[in-house]
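In what follows, a structure is listed as structure tokens, so that the remarks can point back to it.
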Amino acid sequence: VQLQASGGGLVQAGGSLRVSCAVSGRTFSNPRMGWFRRAPGKEREFVAGISSSGGQTLYAHSVKGRFTISRDNAKNTVYLQMNSLKAEDTAVYYCAARESFADSTYVASRFAEYDYWGQGTLVTVSS
């Protein structure tokens, strides 16, 4: 399973950006998906997650109300729409996946719950 993140870039504070993550390779289910980020000098942190069915989502407190995670299972792609961006959102954003064979409503939020990781895409928010 390979994850390819794209869509990062430079944006002004208050602006919007959408990053995408395409899943390729052989999967046996619609995997649980998530986005994490690592800001300079900080640990990797959970940003948002979505269940395999797409019906449930979970957000970090710092992005709730500004970011939206969604998925298109027909395209094997998950998205993170980021609005009202702040300088503190500057980070490398990583998508993550884990096969899901039970409980299509569960949203994983911990690093250890994911098996596959993308290479990351840099989002820089200028103030």
Side-chain angles (χ1 to χ4, degrees):
V1 177
Q2 293 83 42
L3 306 180
Q4 181 69 46
S6 62
L10 175 64
V11 62
Q12 288 190 329
S16 298
L17 200 64
R18 188 179 80 163
V19 292
S20 303
C21 178
V23 181
S24 62
R26 187 171 183 177
T27 60
F28 297 96
S29 67
N30 288 324
R32 297 166 181 162
M33 300 293 298
W35 286 96
F36 289 71
R37 68 185 181 187
R38 177 177 281 162
K42 295 189 177 181
E43 304 250 331
R44 190 176 302 197
E45 64 174 355
F46 171 77
V47 176
I50 189 166
S51 63
S52 60
S53 68
Q56 288 71 36
T57 58
L58 185 67
Y59 298 93
H61 179 73
S62 59
V63 307
K64 196 169 186 179
R66 300 188 297 122
F67 290 11
T68 302
I69 187 171
S70 62
R71 66 189 299 159
D72 184 337
N73 285 340
K75 295 182 178 180
N76 294 324
T77 301
V78 64
Y79 307 96
L80 185 67
Q81 176 67 44
M82 302 181 287
N83 299 328
S84 302
L85 282 160
K86 306 175 181 179
E88 50 264 42
D89 294 318
T90 294
V92 177
Y93 284 73
Y94 300 90
C95 58
R98 177 166 181 161
E99 295 271 25
S100 174
F101 300 102
D103 193 357
S104 63
T105 65
Y106 180 74
V107 180
S109 62
R110 292 174 293 173
F111 181 86
E113 292 186 287
Y114 289 94
D115 296 321
Y116 306 104
W117 293 85
Q119 84 288 1
T121 185
L122 176 62
V123 173
T124 303
V125 184
S126 63
S127 57

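Quick note: numbers below take in every heavy atom, side chains included, and nothing from hydrogens, waters or symmetry partners.
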Other cluster members, Tyr79 - Ile/Leu/Val/Met/Phe/Trp/Tyr, side-chain contacts below 4.5 Å: none
For Val92 and Gly120, work out which heavy atoms get closest and say how close. CG1-CA, 3.8 Å
Not counting sequence neighbours, list each pair that qualifies as a salt bridge (charged side-chain N to carboxylate O under 4.0 Å, His left out) and has a residue in residues 118-127. none
What closest approach, in Å, do Leu3 and Ala97 show between heavy atoms, and which atom pair accounts for it? CD1-N, 3.8 Å
Where do Ser51 and Ser104 come nearest, in terms of heavy atoms and distance? CB-O, 3.1 Å
Any chance you could measure Leu10, atom CG, to Ser126, atom OG, to the nearest 0.5 Å? 5.0 Å
Are Val47 and Tyr93 packed together at the side-chain level, in the sense that at least one heavy-atom pair is separated by less than 4.5 angstrom? yes
Any pair with a residue in residues 70-84 that passes salt bridge (charged side-chain N to carboxylate O under 4.0 Å, His left out), sequence neighbours left out, goes on the list, sorted by first then second residue, please. none
Do Gln81 and Thr68 have a side chain donor and acceptor closer than 3.5 Å? no
Please report the shortest heavy-atom distance between Val107 and Ile50, naming the atom on each side. CG1-N, 3.7 Å
What are the two closest heavy atoms between Glu113 and Ser109, and how far apart are they? OE1-N, 2.9 Å
Who pairs with Val11 by side-chain contact (heavy atoms from CB on, under 4.5 Å), at least two apart in sequence or on another chain? Leu85, Val125
Assess whether side chain to side chain contact (heavy atoms under 4.5 Å, CB included) is satisfied between Ser6 and Ser20, documenting all intermediate values. CA-CA 5 Å; Ser6 62; Ser20 303; 4.0 Å; yes
Going by heavy atoms in the side chains, are Thr90 and Val123 under 4.5 Å from each other? no
At what distance, to the nearest 0.5 angstrom, does SG of Cys95 lie from CE of Met33? 5.0 Å
Among all residues two or more places apart in sequence or in another chain, which pass the ring pair (Phe, Tyr, Trp, His ring centres under 6.0 Å) test with Tyr114? Phe36
Ignoring hydrogens and angles, tell me if any N or O in the side chain of Ser16 forms a donor-acceptor pair with the backbone of Asn83 under 3.5 Å. no
All heavy atoms of Ala108 vs all of Phe46, minimum pair found to be O-CE1, 3.6 Å
Residues pairing under salt bridge (charged side-chain N to carboxylate O under 4.0 Å, His left out) where one sits in residues 85-102, two or more places apart or in two chains, turn out to be Arg37-Asp89, Arg66-Asp89, Arg98-Asp115
To the nearest 0.5 Å, atom OH of Tyr106 lies from atom CG of Leu58 at 9.0 Å
